[in-house]
Asks: 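Take this structure, written in structure tokens, and hold onto it; I'll ask about it next.
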Amino acid sequence: MTDTPFRSDFLRTIEARGAYQNCTEPEALDALLGNVRVTAYIGFDCTAPSLHIGSLVQIMTLRRFQQAGHKPIVLMGSGTTKVGDPSGKDESRQLLSTEQIEANKKSILRIFERFLTFGDGPTDAVMVDNAEWLDKLEYIPFLRDIGRHFTINKMLTMDSVKLRLERDQSLSFLEFNYMILQAYDFMELYRRYGCRLQCGGSDQWGNIVNGIDLGRRVADAQLFGLTSPLMTTASGAKMGKTAAGAVWLNADMFSPYDYWQYWRNTEDRDVGRFLRLFTDMPSDEIARLEALQGAELNQAKKVLATETTALAHGRTAAEQAAETARRTFEEGAIDEGLPTYEIAAEKLKGLALTSLAQMSGLTASASEARRHIEGGGLRVNDVAVKDVKAVVGASDITGKGVIKLSIGKKKHILVKPV
RNA sequence: GGGGGAGUGUCCCGAGCGGCAAAGGGGACGGACUGUAAAUCCGUUGGCUAAGCCUUCGUUGGUUCGAGUCCAACCUCCCCCA
């Protein structure tokens, strides 16, 4: 937080939305943003086939940057992914093959089109890949030009390095170089695109500052850094973990319905904060929503779910998810928008319920289904099953031609005989 | 190069006299209570054709009726000395 309020649209918004943590030379950056069109970037490494909601604050930051009339750069880090970022990790990640990295990159790209407008215009977003310059670096020239500006003394004090050393965990020389490459990225983006600002999570502060220093020394540039707070839920959990794994942004890895549900189940205490961070809703409307008390707050959660889903998957998908949820939870009806598993009708006859639960993906194994039956958590057409050896048959098929299997209150799947 | 230590249930941390599907946490999931929330309490947390059978403790062999536990080699990591 700064003493003087920001004047530029971008910084005012970022701060009001709760995405402001720290900034280098805030006054100078504020003035710059107020006067000219600025180019900023955020890097995303290609460690998985999709980004998850842990990256959402960063994506929203770029979106707001563009909305404020500036030019965002999405930097795909397929070059740096080959090295591996040691920040915030206890041990080194398994090295990914270049094919894997390339495949991940292609898969990740798609999500950005939802949040940003790409093109050739002055404020259109641009996508760049750092492999473009990192892959071609030559070792000795790089060491002489760039390496000489880094001291080991200082690098050893960086959190990402220090934590590893303090915990007696190994840090390979490969990973040790990550911060240098990220610093180099910033400088290279300045040279190529006149990029002056790098944003990132608070764990990236050190890496960002390194880039600023390098830019000043080598390119005589005045660069800026801006970080957002690390996102956790009010109960302290890291954002985005569910039983099924991460909350992915790609629809083929985490369906819009599940995505909607994830936000719908936000803790009370987080609703206002999440509305500010993850939606475009005006602040006064958010203030009204988060002031709701008790069960009324569920209204705010529905808005949160629909708005976040609309951003990531489109308005239509969001409204479908909302409608499916409404019918399922509020009417107790069977809605065809629920995940559906098709099975040949003749196979269904006399099939053990535990097997069907497994086949349909409701549970990971028949044993898990069995345990849920023993614990009273598995239902067929909303009726709890008591017998572990229960068998499904034609009589279970409802008027809608499907069988509804549920575990708990929230996990439902439709089995459709064909 | 020499000496010492570590690797446990495919989420994590962590006990483990030769009888072990393997203590205890955390997390997650299910039940009760609620508001599809939190907190709390209870239960579950290898697989299967299920009073039985099969696969698990870094890897590969060995000793033994029987190995997470003992032996050997190897892999990875950490510490001390050089």
Side-chain angles (χ1 to χ4, degrees), chain A residues 52 86 88-95 163-173 175 232-247 257-275 289-290 292-306 309 321-333 335 337-338 350-359 361-380 382-391 405-413:
Chain A
H52 55 85
K89 292 191 192 65
D90 279 353
E91 39 195 63
S92 43
R93 196 186 280 268
Q94 185 115 39
L95 277 181
L163 285 172
R164 285 280 191 90
L165 297 182
E166 277 173 0
R167 293 182 194 170
D168 291 344
Q169 283 149 343
S170 71
L171 175 74
S172 68
F173 181 66
E175 294 173 282
T232 55
T233 67
S235 20
K238 268 188 207 155
M239 293 259 325
K241 294 284 276 183
T242 69
V247 179
Y257 172 76
D258 286 331
Y259 193 79
W260 194 94
Q261 281 296 326
Y262 175 81
W263 293 105
R264 172 64 184 82
N265 284 296
T266 296
E267 292 178 32
D268 286 8
R269 295 178 284 176
D270 287 326
V271 174
R273 191 163 59 102
F274 287 180
L275 277 168
L289 285 169
E290 71 176 331
L292 295 171
Q293 293 299 311
E296 292 282 294
L297 199 54
N298 284 332
Q299 292 309 314
K301 292 185 189 181
K302 288 180 204 167
V303 173
L304 173 66
T306 301
T309 307
E323 180 58 12
T324 295
R326 191 186 67 76
R327 290 212 203 117
T328 303
F329 288 95
E330 292 174 28
E331 294 179 6
D335 187 88
L338 288 172
L351 187 65
L353 179 59
T354 50
S355 304
L356 182 62
Q358 179 196 10
M359 290 161 74
L362 185 71
T363 58
S365 67
S367 292
E368 191 191 330
R370 181 193 191 85
R371 277 187 242 112
H372 278 298
I373 292 173
E374 285 167 352
L378 196 155
R379 281 166 294 131
V380 174
D382 296 315
V383 179
V385 176
K386 294 199 178 77
D387 181 8
V388 169
K389 292 183 177 156
V391 164
L405 299 184
S406 314
I407 282 189
K409 289 172 206 134
K410 295 172 192 170
K411 191 167 183 186
H412 309 281
I413 204 161

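In what follows, chains carry the letters A, B, and so on, assigned in the order in which the sequence lines appear, proteins first and then strands, with residues in each chain numbered from 1.
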Asks: Taking atom NZ of A/K410 and atom OH of A/Y262, what is their separation to the nearest 0.5 Å?
Replies: 12.0 Å

Asks: Need the pair for B/G24. Rule: Watson-Crick or G-U wobble, both distances under 3.5 Å, any strand; none if unpaired.
Replies: B/C13

Asks: Less than 4.5 Å apart, side chain to side chain, heavy atoms only: is that true for A/D268 and A/K301?
Replies: yes

Asks: For A/T328, which contact category applies under a 4.0 Å heavy-atom criterion: base, sugar-phosphate, or nothing?
Replies: nothing

Asks: Which comes earlier along RNA chain B counting from the 5' end, the contact point of A/G294 or that of A/G376, where each point is its nearest nucleotide?
Replies: A/G376

Asks: For nucleotides 47-51 of chain B, print each protein N/O atom paired with a nucleotide N/O atom at under 3.5 Å, atom names and distance only.
Replies:
from: B/G47; atom 1: OP1; to: A/S365; atom 2: OG; distance (Å): 3.0
from: B/G47; atom 1: OP2; to: A/R371; atom 2: NH2; distance (Å): 2.4
from: B/C48; atom 1: OP1; to: A/A366; atom 2: N; distance (Å): 3.2
from: B/C48; atom 1: OP2; to: A/S367; atom 2: N; distance (Å): 2.8
from: B/C48; atom 1: OP2; to: A/S367; atom 2: OG; distance (Å): 2.4
from: B/A50; atom 1: N6; to: A/S367; atom 2: OG; distance (Å): 3.1
from: B/A50; atom 1: N1; to: A/R370; atom 2: NE; distance (Å): 3.1

Asks: Could you please name the partner base of B/C41, counting Watson-Crick and G-U wobble pairs only when both distances are under 3.5 Å?
Replies: B/G31

Asks: Supply the atom-to-atom distance A/K302 NZ to A/W260 CH2, rounded to the nearest 0.5 angstrom.
Replies: 7.0 Å

Asks: If we call it a pair only when both distances are under 3.5 Å in a Watson-Crick or G-U wobble match, what pairs with B/G46?
Replies: B/C54

Asks: Using a 4.0 Å heavy-atom cut-off across all strands, classify A/K301 as base, sugar-phosphate, or nothing.
Replies: base

Asks: Select base, sugar-phosphate, or nothing to describe what A/Q261 touches, counting heavy atoms under 4.0 Å on all strands.
Replies: base

Asks: Could you tell me which nucleotide pairs with B/G7 by Watson-Crick or G-U wobble geometry, both distances under 3.5 Å, or answer none if nothing does?
Replies: B/C75

Asks: What's the closest nucleotide to the side chain of A/K410 if the choices are B/G35, B/G30, B/A37?
Replies: B/A37

Asks: If you assign A/E330 and A/I407 each to the RNA chain B nucleotide with the nearest heavy atom, which residue ends up on the more 5' nucleotide?
Replies: A/I407

Asks: Does any nucleotide pair with B/U69 by Watson-Crick or G-U wobble geometry, both distances under 3.5 Å, and what is it?
Replies: none

Asks: My understanding is that only residues two or more places apart in sequence, or in another chain, count here; which of them pass side chain to side chain contact (heavy atoms under 4.5 Å, CB included) with A/K409?
Replies: none

Asks: Give, for atom CG of A/L362 and atom CD1 of A/I413, the distance between the pair rounded to the nearest 0.5 Å.
Replies: 6.0 Å

Asks: B/U36 and B/G31: how far apart are their P atoms, nearest whole angstrom?
Replies: 13 Å

Asks: Do A/F329 and A/H412 have ring centroids that are under 6.0 Å from one another?
Replies: yes

Asks: With both distances under 3.5 Å as the test, what is the Watson-Crick or G-U wobble partner of B/G1?
Replies: B/C81

Asks: Just jot down the salt bridge (Lys or Arg N to Asp or Glu O under 4.0 Å) partners of A/D258, sequence neighbours excluded, or say none.
Replies: none

Asks: Using purine N1 to pyrimidine N3 plus N6-O4 or O6-N4 for Watson-Crick, or N1-O2 and O6-N3 for G-U wobble, each under 3.5 Å, what pairs with B/U64?
Replies: none

Asks: Do the side chain of A/K409 and the base of B/U34 come within less than 3.5 angstrom through a donor-acceptor pair of N or O atoms?
Replies: yes

Asks: How far, in whole Å, is B/C20 from B/A6 if one measures between their C1' atoms?
Replies: 22 Å

